[in-house]
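Each remark here refers to the structure printed beneath this line.
In what follows, every chain begins at residue 1, and chains take the letters A, B, ... in the order their sequences are listed.
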Amino acid sequence: MRYSLLSVMGQALRGQRDWKPQWRDATPKAEYDAVIVGGGGHGLATAYYLAKEHGITNVAVLEKSHVGSGNVGRNTTIVRSNYGLAGNIPFYERSMKLWEGLEQDINYNAMVSQRGVLNLYHSDAQRDAYARRGNAMRMAGIDAELLDREGVRGMVPFIDFDNARFPVKGGLLQRRGGTVRHDAVAWGYARAASDRGVDIVQNCAVTGIRRENGRVVGVETSRGFIRAKKVALSVAGSTSLLASMADLRLPIESHVLQAFVSEGVKPLIDTVMTFGAGHFYVSQSDKGGLVFGGDIDGYNSYAQRGNLATIEDVMEGGMALWPGLGRLRLLRHWGGIMDMSMDGSPIIDRTPIDGLYLNAGWCYGGFKATPAAGFCFAHLIARDTSHEDAAAYRLDRFATGHLIDEKGMGAQPNLH
Amino acid sequence: MSDGIETTLRPRSAWAGIAPVGRHGRPGGEPGLTLTLREEIGLATLIAVKGRTDALRQVLHERFGWSLPDTGTTSLTGERGLVWCGPDQWLALFETRREMAGLVQALQGLAAVTDQSDARAIVRVSGPDARAFLAKGLAIDLHPRAFQPGQVAVTALAHMGAQVWQRDASPAYDLAVARSFAGSVWSWLSHAADEFGYDVRNAEPVAQPRG
Amino acid sequence: MTTITLRDTASPSGARPATAAGQGFRTATGGMIDRRRPLDFTFDGHRYGGFQGDTLASALLANGVRLVGRSFKYHRPRGILTAGSEEPNALVELRSGARREPNTRATVAELYEGLEASSQNRWPSLKYDVLSVNALAAPVFAAGFYYKTFMWPSALWEKLYEPLIRRAAGLGRAAHAPDPDTYDKAFAFCDVLVIGAGPAGLAAALAAGRAGARVILVDEDHRTGGRLLADRREIAGRSGADWAADALAELASMPEVRILPRTTLFGVYDHGAYGAIERVGDHLALPPAHAPRQRMWRITAKQAILAAGAIERPHVFGGNDRPGVMLAGAVRTYLNRYGVLPGRTVAIFTSGDDGWRTVTDVSAAGGQVAAVIDSRSSIPADLRRAAEAVGARVICDGYVTGTKGHLGLEAIEVVDTYGSRQTIACDCLAMANGWNPIVHLDSHLSRRPVWDETIHAFVPGALPSGMVAVGAAGGAFTLASCLETGGRAGAEAASACGFASAVPETPRTDPESLAHTPLWRVPVSKGKAFVDFQNDVAASDVELAHREGFRAVELLKRYTTLGMATDQGKTSNLAGLGIMAELTGQPVASVGTTMFRPPFTPVAIGAFAGHHRGKDFRATRHVPSHAWCEEQGAVFVETGLWLRPAYFPKTDETDWLKTVNREVNTVRAHVGVCDVTTLGKIDIQGRDALAIIERVCANPFGTLPVGKARYAVLLREDGFVLDDGTVARLGESHFVMTASTANAAKVMQHLEFCHQWLWPELDVQMVSVSEQWAQYAVAGPRARDTLLGIVDPGFDISNEAFPFLACADVTVGGGIPARLFRISFSGELAYELAVPAAYGDAAWRAIMAAGSAHGITAYGSEALSVMRIEKGHAAGAEINGQTTARDIGLGGMLAKKKDYIGRLMKERPALVDPDRPILVGFRPVDRSQRLRAGARFLAIGAAPSLAADEGTMTSVAYSPSLGHWIGLGLIRRGQERHGTRVRAYDPVRDGDIEVEICSPVFVDPKEEKLRV
Amino acid sequence: MRIRCPHCGTRDNGEFSYLGDAAPARPDGMEAQPAAMHDYVYLRDNPAGPHRELWYHGAGCRSWLVVDRDTRTHEITGVSSARDVALSRRTGEVA
């Protein structure tokens, strides 16, 4: 059933009784043209675009738990395309454009809210670094504005301008950035892919990658062997574990990133704001909770939780930036597992093994990339050649030196 | 530094302009804390030369009458002696800088000796609420079952590096922080000490050496 | 039996009530409130009276106020459901102005004199709330309706739909002003941490305390005792409350036991780390003088005993959210602890024996028990008899199917086993549907609870070592088992910590029966049957989620928002799971639970930050000349943690550029002094000191003689530049290395890594001396003349004896030991003089005095930066982690014949690509134009695009020496393009000018000034 | 998280900074090959389970430590001085 106000009202009269499952809970077939491992946002988007853009529908998405059970449902919902390096810029702008048309495309309201992303700066050097980034964005046709202190005050008058340890001097604003209701992205893509014939197989854990003559032929799963011409990994957080099934070692570590939400309150802030003198970023959900986060805990982890040192660091950043937060209460904090890559940028590439494709290394920026990652990964799987917007995300760039290191932190994943 | 310096330069205390002497915080009653500002202490880092720790131990004992403290401990007599600060590393304490003369020479080939007399700001924390007060900033267990006179910890105080050693069971502690952080350390101290009421004092001037 | 007088209405607005008399629902005696201490408070502007010991909720109920708030989505009238921290409904805004606290649970807010509270999420008033029309549209507003709507036209989402939704959502209003209160933090360590001071927790603490263990006992309540305060129980022949008081007294007498009431253990972290929040001043109008509002405890415990109790479960039936419908345990709490009758005529809806306890309590307090409806088909005869004895109607195998009333309960609709329906008048309905152990804390370490079929509840699963759950929190619901499991766990925890202990004998308790058959929802009910009260999630929403495939518990939660409100589903989660289990035909055990996350109850953000806010967010480091700089009115700038003087304006200099130009000109013409103490300084000694320097630095040092310094460049192992600095050789095996201000700590850590991990065989002793030495750059043609005024006679610092890059130990000011380095960042004849930091202030003043005859100026970081740009020295903007030594013009100095960190990786193809942007200088073609760092370079005439991007301007300065702006930047093949022009394109600042590529060395390219 | 520094005792993880996997050994010397260096710098096993890793007690004794920790549970089973581990590795190489 197509979603619309009319259909919802119609169902209201019928006690909402005629709705069907939003996606088919499929039983795996013996063989597929392509198997996508990972039923998160990226995997589901990949399946959707494989079907929509390339007409490949004999596809299964294998999810060890349920749809959207990974990072797509654990992030701070921010979307933006304010990158500074040529390898990243076209890709994230592709993503932003796909976000802008997403709801009509998949007939699902993921609440794409272009409320702006404001990165604050606190020194001349930081201002210049933001100008450098903003200028690169503008050259690529992306909106970017460099605000001075008064410009920032006009948007967020409640932050600490007068007593700050690191006074706010201005900000880089991308008005088209914003937030998206994270879970809805997974559900919307699941429904849209399922409608196009993709099998979404939940509770199906991949336990092995079967190869014959150096070529992938399928995957062993908790629900039996599934033959596939192509196997695509889209399991950020667990990438190394899956890759090791094919004897691959990767330039990736798994780290925990914590996220936080406050109690719901009436609207306080209508943009996404990041602190430039500490690790803190915040926006307010449509339900009223402030959603915020900071730095990763900094150690390898597959546990979806972190520790107090980071929690305090985040809260200190919040209070330093926005002293009015003091009495607002933290409602919940949790952790997600990030694929931290060695240069802080992702990998969308073929692997040395024929038929095995990799979408990984998203650090803590994977959510905003969801549509473009699906779009470009689908292109790679369908055509065996990188999409031009993701051409820089090669696996061999660490050997060739074509690194995409936005922060300049080098080969230390926990610093990106 | 040798005797007989005719310097026109006057040292400035690490606490100068930062720590006001007098009674502060909760008024009335006995103060829960006394913060004594320590000055003019001679400090040097000793790092044992590879494989010479035993020889160092012997020379320190013979020349200074000091024993080399074990991990996490101090060996102090009065205001002089050694404080552990890391594997094969110690802080040598002298009541005055003047007394440090000759240390480098004495330990030649046994330890790298580095003057740190000006690198630290030191305050002695004593009084009935000393433990409760320090527990607000130091993430270490100061309970007498866990930390006693003669023990030292290198740790953080409210995100700032700090070294603390217990002087006596009264209890009294010496708290050493990096000099450039003194202002922020004091900001924390005065906030944390507020509820106890506290006295800030200068240390008694060091008696002139006899003889 | 107490005699009670009940008044019908709340006190009229504005009138000062005769406090006790105004409290129409207060029993005449009884309860643990202090009737000698009446308190006034206001709710929505109306004045009421209560007593010391009340919560806001008990005081409102005492005054007959049942309507307390409006629900999230449908704006339905809501009252008080519970008597504890699990409250989903009775959320208010407490206090006002900058101290306003939205979403405060009235059930845990202690009453104080003058308390102000307001209802929230209603307009214009609580009784007449316009948005209650939402309830009429409830059939449309089913779970997830917004995912299916508001998509057309897309532009309207941000403009119309979202603002409307946002305004309607959220409950209370946060304070906008900075929080005026302070927060404290403290660390605590113990052998045994006991969480919860009910019967199990008290028994545990007693057993551990008696053994001599260090015990911390925390409880979120201000009064210890837990359910012993709420139920009329007997322990060893005395009342449970008396037993609790005695236990507390004994614990208080133990020196190694710390009792923290008003303290919520909110989070469990790895390795015995716990977070707890103590409400030091929240029970008062203002925090006490010299005390914080709250204190965050970070507790480290060897053993932890979870004795947090259990939470009672509501029933799910139509209209179960009407004010007056309460949990049975809460009804008993209000009766027994607070001396308040939640209603005059009480009906009880129960699915187990436990609910029947309410009958005698209501009756004993003088209330009327209208009926007891038990959903089970058989009821113990003694319970029935006891109910009938007080005149209650008993309905077996029946359900409450609906409620009636305008803004509060007036009657319930009941169906009995024969299907016949009746309406029973009552103003309070007590629901008893069993209890859920509080398994939240033991879930924080990712341990999932397991289903216990005997008690129909989730109980703790395998817990981490050193953690045990006791009493109701462990599924042991009877009082006797609480005391028994608590006492045993306390003794065992103490002995695990090395204390001799004995398991105490369990005192005798009055008998009780906990037979129970849970009822996940009433099968035949009318109207919205709420599962999650606060988020307005009804049973029909769970059905819809099931229908649409959101059957996994996490999907159910996220799609319906069940359990995501401020109470995190404490009263609702299990009902949701139970209904889903029914719908899918699975046992609850297979449905599983969602993961409970910290904090247990919401915690103020300010408490986590503690002292670290405002100026104390991070430490501020001061340079040794700071006092002098302040006296001179210097303008300071934050550089990492340091506060450095940026420039020193004279009174007639209103423009910063004017000041900086003067400082630069004075240095270039005469002499200046700059505090460079912020550089990292590392003392390196030992037989292998040179060896480690050779391995960490990319340029060669083997030929560096004693008494000389050399520029040093350090790479990361990936071949990019880590930092630059100098290495001075003070002795054969004694060096001092400097690192940049920004990288000082990083470089020290790197050196320690190399020494301890990569090459532990090296005999090296390294220590930071950054804090020991004040270091001052004295630069300019008259620098030597100036130094002659401070360096003691006997040290020859003539150009011949002390040439460029010389270094030596000297004394200054008459015997103060110092180090002198002839190094230059400005390109002038320059020195860096290091003196012991305590003498830094005096030495600085002495330099200024010595230089006054030579026209000295103090200069700050701005002038320093101008001069380094004039000299083409790379700094932070160029050494930003993305550049190689080759990129910044240092490729030629790298060693060829030694291994060093970064040697191999810097040779990767992309890093030696001749097209890589290279550091060069820039000047505006029109010399009057200003340059901006961050501008991008484009070929003249090229349309802006990423493909056309040739590089970026990294640093700019106005050069007073040249009289125009100059810049450094990285541009493709820059070294081949001197003299050519490009665009410096800076659209974010509306800049677009032509610049000319030139040598990065703008001033004194032959370095004639340096060596004189 | 609490880490038992062999020199300082058990401390909160906030006192430490993390580097990563302790397994890769730097290919030292002029004969080292770029491919080996690439693997050392960039490739990681990244296991879900026991992990030997390098931490630095920066706020304490400034020692680098080798910590055995389970990345699924964060359970720490051993901590030793990195210097000692490195020296014993060298000895192992010689032997």
Would a 4.5 Å heavy-atom cut-off, applied to side chains only, mark C:L938 and A:M139 as touching?
yes
So, A:R329 and C:T104: side-chain donor and acceptor under 3.5 Å apart, yes or no?
yes
Contact class of C:Y161 relative to chain A, heavy atoms under 4.5 angstrom
neither
With a 4.5 angstrom heavy-atom cut-off, which part of A:S285 approaches chain C: side chain, backbone, both or neither?
backbone
Derivation and outcome, ring-ring contact (aromatic ring centres under 6.0 Å, His included), residues A:F275 and C:F617
CA-CA 13 Å; A:F275 190 24; C:F617 165 51; 5.5 Å; yes
Decide side chain to side chain contact (heavy atoms under 4.5 Å, CB included) for C:R908 and A:H402; before the verdict, give the C-alpha distance in whole Å, the side-chain angles of both, and the deciding distance to 0.1 Å.
CA-CA 9 Å; C:R908 285 177 284 175; A:H402 290 93; over 6 Å; no
Quick check on the interface: out of C:Q882, C:R597, C:H612, who has the most heavy-atom pairs with chain A under 4.5 Å?
C:R597
Other residues, nucleotides and ligands only: do more than 12 of their heavy atoms fall within 6.0 Å of CE on A:M9?
no
4.5 Å side-chain heavy-atom contact, C:R166 and A:R115:
yes
In terms of heavy-atom pairs under 4.5 Å with chain A, the winner among C:T620, C:N880, C:D949 is C:T620
Does C:G614 offer a backbone N or O that forms a donor-acceptor pair with the side chain of A:D160 under 3.5 Å?
no
Output, in order, the C-alpha distance, side-chain angles, deciding distance and verdict of side chain to side chain contact (heavy atoms under 4.5 Å, CB included) for C:E638 and A:H122.
CA-CA 9 Å; C:E638 298 78 18; A:H122 308 262; over 6 Å; no
Contact winner vs chain A - C:A943, C:G549, C:S955, C:A169, heavy-atom pairs under 4.5 Å:
C:A169
Any idea which of A:V314, A:V67, A:V112 has the most non-hydrogen atom pairs under 4.5 angstrom with chain C?
A:V112
Any Lys/Arg nitrogen of A:R305 or C:D270 sitting under 4.0 Å from an Asp/Glu carboxylate oxygen of the other?
yes
Heavy atoms only, distances under 4.5 angstrom: which of A:G10, A:A136, A:G288 has the most pairs with chain C? Name it, please.
A:A136
Measure across C:A604 and A:G326 and return the closest heavy-atom pair with its distance rounded to 0.1 Å.
CB-O, 3.4 Å
Closer than 4.0 angstrom, basic N to acidic O: yes or no for A:D148 and C:R989?
no
Main-chain N/O of C:G170 paired to A:K266 side chain as donor or acceptor, under 3.5 Å:
yes
Does any heavy atom of chain C fall under 4.5 Å from the side chain of A:R24, the backbone, both, or neither of them?
neither
Interface moiety of A:K287 toward chain C, non-hydrogen atoms closer than 4.5 Å:
both
Tell me, for A:L6 versus chain C, whether the close heavy atoms (under 4.5 Å) come from the side chain, the backbone, both or neither.
neither
C:F608 and A:M319, any side-chain heavy atoms less than 4.5 Å apart
no
Need one label for A:D124: side chain, backbone, both or neither, based on atoms under 4.5 Å from any heavy atom in chain C.
side chain
Within the 4.5 Å heavy-atom criterion, are C:R99 and A:R327 side-chain neighbours or not?
yes
Part of A:Q304 within contact of chain C (heavy atom distance under 4.5 Å)
both
Out of A:A86, A:P267, A:S113, which one racks up the most heavy-atom pairs below 4.5 Å with chain C?
A:S113
A:W187 and C:Y147 aromatic ring geometry - parallel, tilted or perpendicular at 30°/60° bounds:
perpendicular
What part of C:F141 gets closer than 4.5 Å to chain A, counting heavy atoms only: side chain, backbone, both or neither?
neither
Measuring heavy-atom distances to chain C, does A:L147 have an atom under 4.5 Å in its side chain, in its backbone, in both, or in neither?
neither
Is chain C contacted by the side chain of A:A399, its backbone, both, or neither, given a heavy-atom distance below 4.5 Å?
backbone
Flag side-chain contact, heavy atom, 4.5 Å: C:H176 against A:L268:
yes
Criterion side chain to side chain donor-acceptor pair (under 3.5 Å) on A:Q16 and C:R547, from CA distance to verdict:
CA-CA 9 Å; A:Q16 308 281 351; C:R547 201 172 297 138; over 6 Å; no
If you tally heavy-atom pairs under 4.5 Å against chain A, which of C:P599, C:A877, C:A174, C:A607 wins?
C:P599
Would you call A:R138 and C:D986 a salt bridge, taking side-chain N to carboxylate O under 4.0 Å as the test?
no
Measuring only between side-chain heavy atoms, which start at C-beta, is C:V988 closer than 4.5 Å to A:Y130?
no
Heavy-atom pair with the smallest gap, counting every atom of A:V265 and C:P102
CG1-CG, 3.7 Å
Cut-off 4.5 Å, heavy atoms of chain C, and the answer for A:S123 is neither
Quick one: of C:L911, C:L445, C:V637, who has the most non-hydrogen atom pairs under 4.5 Å with chain A?
C:L445
Residue part contacting chain C, namely of A:V261, when any heavy atom lies under 4.5 Å:
neither
Give, as side chain, backbone, both or neither, the part of A:D343 having an atom under 4.5 angstrom from any heavy atom of chain C.
neither
Tell me if a side-chain donor or acceptor on C:Q568 pairs with a main-chain N or O of A:L331 at a distance below 3.5 Å.
yes
Which atoms of A:M111 approach chain C - backbone, side chain, both or neither, heavy atom under 4.5 Å:
both
When the 4.5 angstrom heavy-atom criterion is applied to A:R191 and chain C, the contacting part is neither
Okay, side chain of A:R132, backbone of C:A933: is any donor-acceptor separation there less than 3.5 Å?
no
Can any side-chain N or O of A:E103 pair as donor or acceptor with the backbone N or O of C:M151 at less than 3.5 Å?
no
Any idea which heavy atoms bring C:P987 and A:N135 closest together, and the distance?
CD-OD1, 2.9 Å
Would you name the heavy atoms of C:V140 and A:A12 that are closest together and state the gap between them?
CG2-CB, 3.7 Å
Relative to chain A, which of C:P139, C:A177, C:S540 shows the most heavy atom pairs under 4.5 Å?
C:P139
For A:D183, which atoms come within 4.5 Å of any heavy atom of chain C: side chain, backbone, both, or neither?
side chain
Among the options A:G15, A:A131, A:G278, A:S69, pick out the one with the most heavy-atom pairs lying under 4.5 Å from chain C.
A:A131
For C:K615 and A:A164, indicate whether the former's side chain and the latter's backbone hold a donor-acceptor pair under 3.5 Å.
yes
